[in-house]
Amino acid sequence: MILHAGLIALRLGGFWRGALILGPSGAGKSDLALRALDAGFRLVSDDRTLVWASGGAVYGRAPTPLAGLIEARGQGLTPETPVGLAEIALAVHCVEDPADIERMPETEAETLAGVAISRIRLNTREPSATAKLRRALQHLGVAA
């Protein structure tokens, strides 16, 4: 299935572990991805992500016409060396109002392609958003 979402990844525990960034148009998905790239993440896909399950895990990659491209609002599409695919370990839901995010949330899950993965809500416009994203991926038990 193809989702309206971006996918960025970190190399953790010897594997590319990805964060699928979900939200409505204009929620800051690509902006968060651009800032994450500057913080050491790698691009898998922007705007559209092909998602499938295999062996009890869920994976994502860019549809061929969009591979290696990311949108920078006001500049258009820009090239970025992508990672071919990554395991999707985390679903990140873009939230614009910080009041919609609990300070100490319960663990949440989301099912993609029949596989449950961890889910967080994140205000993508916060300066600490990429740091929170990195820590969320690292604390999924996949980091050394």
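Just the heavy atoms: all of them, side chains too, but no hydrogens, waters or symmetry mates, feed the values below.
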Is a side-chain N or O of [X] found less than 3.5 angstrom from the main chain of [Y], in a donor-acceptor match?
X: K29; Y: G23; answer: yes
X: T78; Y: I70; answer: yes
X: R73; Y: G76; answer: no
X: T49; Y: A5; answer: yes
X: R135; Y: A131; answer: yes
X: R134; Y: A39; answer: yes

Got a second to check how far [X]'s [atom1] is from [Y]'s [atom2], nearest 0.5 Å?
X: L77; Y: S30; atom1: CG; atom2: OG; value: 9.0 Å
X: R121; Y: H93; atom1: CZ; atom2: NE2; value: 6.5 Å
X: I21; Y: L32; atom1: CD1; atom2: CG; value: 4.0 Å
X: S128; Y: N123; atom1: OG; atom2: CG; value: 8.5 Å
X: L66; Y: R48; atom1: CG; atom2: CZ; value: 8.0 Å

(request) Apply side chain to side chain contact (heavy atoms under 4.5 Å, CB included) to H4 and D47, showing your working. (result) CA-CA 6 Å; H4 182 112; D47 196 49; 3.5 Å; yes

Closest heavy-atom pair and its distance - [X], [Y]:
X: A53; Y: A113; answer: CB-O, 3.4 Å
X: E110; Y: R119; answer: OE1-CD, 3.2 Å
X: F15; Y: G13; answer: CD1-O, 3.1 Å
X: F41; Y: T130; answer: CE1-O, 4.2 Å
X: I2; Y: P63; answer: CD1-CG, 4.5 Å

(message) Would L34 and D46 count as a side chain to side chain contact (heavy atoms under 4.5 Å, CB included) here? Give the steps.
(response) CA-CA 10 Å; L34 283 167; D46 182 49; over 6 Å; no

(message) Apply the hydrophobic cluster definition, ILVMFWY joined by side-chain contacts under 4.5 Å directly or through others, and give me every member besides V83.
(response)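 M1, L3, L7, W16, L20, L22, V44, V51, V58, I88, L112, V115, I117, listed by chain and number.
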
(message) The test is side chain to side chain contact (heavy atoms under 4.5 Å, CB included); show your working for L37 and L43 and say whether it passes.
(response) CA-CA 7 Å; L37 296 178; L43 178 70; 3.9 Å; yes

(request) Check whether any side-chain heavy atom of L133 lies under 4.5 Å from a side-chain heavy atom of L90, and answer yes or no. (result)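 When only atoms from C-beta onward are counted, L90 and L133 do touch, with a gap below 4.5 Å.
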
